[in-house]
Asker: 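Below: one structure in structure tokens.
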There are 2 protein chains.
Amino acid sequence: MQQVRQVPKPDRQRLIASVVGRRRVGSQHELQDALRSAGCEVTQATISRDIRELGLEKSRDVLGRPRYVLPERGSRSDPRELLEAVLAQFGLRAMQAQNIVVVQSELGSAPAIARALDRVEHAKVVGTLAGDDTCLVITRDGAEAKSVAAELSAAIGG
Amino acid sequence: MQQVRQVPKPDRQRLIASVVGRRRVGSQHELQDALRSAGCEVTQATISRDIRELGLEKSRDVLGRPRYVLPERGSRSDPRELLEAVLAQFGLRAMQAQNIVVVQSELGSAPAIARALDRVEHAKVVGTLAGDDTCLVITRDGAEAKSVAAELSAAIGG
DNA sequence: ATACGGCGAGAATAACTATTCAGGTTTCGA
DNA sequence: TCGAAACCTGAATAGTTATTCTCGCCGTAT
């Protein structure tokens, strides 16, 4: 595809966040127009993807008209909180076996758990490996694995 | 249309709120299935209308999957706050003329302002009448009109 | 240099949601 | 009781958003 001097994605997404924060935007088409006015021509498909990546939500203004809104700040910024949230919602149990911890979770959520674990950069976690409903957490030795398993179990429990 | 012993609307909407509050519902079709399981058969069109009336928002869960969520409680319950919100967002100016107050507002928002005013049941307001971008507020005399105009202007200003 | 792999994007299309239209029901007065 | 109006709903359809498929543009490794 002919790439002709486009606005880089991070800039575009910042632009979107800025526009949405300033005035009511009720549809992706409308947002597309706004971006065009700002000299950024993209298709609706791209905007849809940006909106997902930014975590924008479609809410309503006081008159009940649709409106995209920026997400509440909080959990999404702190990796630790994200891990807690994902485990609480999708984790089933965490078991230690030698130097690894096996985390069972709802089908499809294991990659998210692995990603969340990676982002935390836990000192005792050497690496992770996710299937569909199972996430392996590798630690250095059995003692660390035991500690991590307890930690994860706690997050799953409550 | 043959109306054969349906679940009443208020009950259905409570049911929707309950279902949405309990588990993730990612689409109206999904919600339709859930309602059917609960013995309530309705079309997607009806569900769309219910969702609007309940003020539900379409957000995402931790994994980024779509999910309807109940609105934050607050402004929608207090008529006074709603009036403030609508005026702050759409009001342009309020002027007194004899015993009436003329409120200029963004195109299309006057009916919402009139409705909000009615719901407040302000002691000095006898009645309201809305066009598209103008809302007339009737009071008993010039003094009351002046007071109301000041009040509304304040709400518009900040 | 060439091949491979990942990322980002557009076009087309599928999936999903809102609205319009029309018909039936209930409510409220006269 | 008899309209008349407001309300509620389903069917069809319009409008909106997500996804699939494909391709070009880099990095990196061969």
Side-chain angles (χ1 to χ4, degrees), chain A residues 1-17 19-20 24-36 38-61 63-71 108 111 115 118 130, chain B residues 1-17 19-20 24-36 38-61 63-71 108 111 114-115 118:
Chain A
M1 201 139 288
Q2 263 302 64
Q3 296 283 76
V4 273
R5 196 74 357 248
Q6 303 235 141
V7 175
K9 178 153 98 153
D11 291 358
R12 186 185 60 230
Q13 295 193 344
R14 261 193 300 282
L15 181 55
I16 289 176
V19 168
V20 163
R24 189 186 71 95
V25 178
S27 77
Q28 300 184 1
H29 234 69
E30 208 175 315
L31 186 49
Q32 188 176 21
D33 290 347
L35 294 188
R36 182 162 37 240
C40 172
E41 304 229 354
V42 289
T43 60
Q44 174 265 324
T46 296
I47 291 177
S48 171
R49 289 184 275 248
D50 285 344
I51 283 180
R52 162 178 293 263
E53 284 167 27
L54 288 169
L56 262 49
E57 302 175 6
K58 196 168 191 179
S59 178
R60 286 175 237 290
D61 72 1
L63 267 58
R65 297 177 303 187
R67 157 163 209 173
Y68 282 105
V69 298
L70 298 162
R115 245 177 292 129
D118 289 344
Chain B
M1 199 144 291
Q2 261 303 63
Q3 295 286 75
V4 272
R5 212 20 65 215
Q6 305 234 141
V7 175
K9 180 154 97 153
D11 291 358
R12 187 186 59 232
Q13 294 192 345
R14 260 193 301 281
L15 182 55
I16 290 175
V19 167
V20 163
R24 188 186 72 95
V25 178
S27 77
Q28 300 185 358
H29 199 78
E30 207 174 317
L31 186 49
Q32 188 177 22
D33 290 346
L35 293 189
R36 182 162 36 240
C40 173
E41 304 229 353
V42 288
T43 60
Q44 173 267 323
T46 296
I47 290 176
S48 172
R49 289 184 275 249
D50 284 344
I51 282 179
R52 163 178 292 263
E53 284 167 26
L54 287 169
L56 261 49
E57 301 174 7
K58 197 169 190 177
S59 178
R60 288 176 234 288
D61 71 3
L63 267 57
R65 297 177 302 187
R67 158 163 209 174
Y68 283 105
V69 298
L70 298 162
R115 245 176 293 131
D118 288 345

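In what follows, every chain begins at residue 1, and chains take the letters A, B, ... in the order their sequences are listed.
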Asker: Would you mind reading off the distance between A/Glu30 atom CD and D/dG15 atom C1', rounded to a whole angstrom?
Answerer: 13 Å
Asker: Could you give the CD1-to-C1' distance, from A/Ile16 to D/dT17, as a whole number of Å?
Answerer: 14 Å
Asker: Show your reasoning for whether side-chain contact (heavy atoms from CB on, under 4.5 Å) applies to A/Arg65 and A/Arg24.
Answerer: CA-CA 9 Å; A/Arg65 297 177 303 187; A/Arg24 189 186 71 95; 3.4 Å; yes
Asker: Report yes if at least one side-chain N or O of B/Arg49 is closer than 4.0 Å to OP1 or OP2 of D/dG10; otherwise report no.
Answerer: no
Asker: Whole angstroms only, please: what is the NZ-P distance between A/Lys9 and D/dC26?
Answerer: 16 Å
Asker: Between A/Gln44 (CD) and C/dT17 (P), how many Å, whole number?
Answerer: 15 Å
Asker: At under 4.0 Å, does any side-chain N or O of A/Thr46 touch on OP1 or OP2 of C/dA9?
Answerer: no
Asker: Can you list everything that forms a side-chain hydrogen bond (donor to acceptor under 3.5 Å, both in side chains) with A/Arg14? Sequence neighbours excluded, please.
Answerer: A/Asp11
Asker: So does A/Arg52 get a side-chain nitrogen or oxygen closer than 4.0 Å to the phosphate oxygens (OP1/OP2) of D/dT19?
Answerer: yes
Asker: Scan B/Ser27 against the nucleic acid and name what it touches under 4.0 Å (heavy atoms): base, sugar-phosphate only, or nothing.
Answerer: sugar-phosphate
Asker: Take the protein atom CD of B/Glu53 and the nucleotide atom C1' of C/dT17, then report the distance between them rounded to whole Å.
Answerer: 15 Å
Asker: Choosing from C/dT17, D/dT17, D/dA12, which nucleotide comes nearest the side chain of B/Ala45?
Answerer: D/dA12
Asker: Any side-chain N or O of A/Tyr68 less than 4.0 Å from the OP1 or OP2 oxygen of D/dT17?
Answerer: yes
Asker: Mind calculating the distance between NZ (A/Lys58) and P (C/dA15) to the nearest angstrom?
Answerer: 19 Å
Asker: B/Gln13 CD to D/dT9 P: how many Å, rounded?
Answerer: 8 Å
Asker: Does the side chain of A/Lys9 reach to within under 4.5 Å of the side chain of A/Gln13, using non-hydrogen atoms?
Answerer: yes
Asker: Would you indicate which nucleotide in D/dA11, C/dT17, C/dA9 comes nearest to any side-chain atom of B/Thr43?
Answerer: D/dA11
Asker: Separation of A/Ile51 atom CD1 from C/dC16 atom P, in whole Å?
Answerer: 18 Å
Asker: So B/Val20 and B/Leu56, do their side chains get closer than 4.5 Å, heavy atoms only?
Answerer: yes
Asker: Looking only at side-chain N and O atoms, does B/Ser48 come under 4.0 Å of OP1 or OP2 in C/dT17?
Answerer: no
Asker: First locate atom CD of A/Glu57, then atom CD1 of A/Ile51, and finally report the distance between them rounded to the nearest 0.5 Å.
Answerer: 12.0 Å
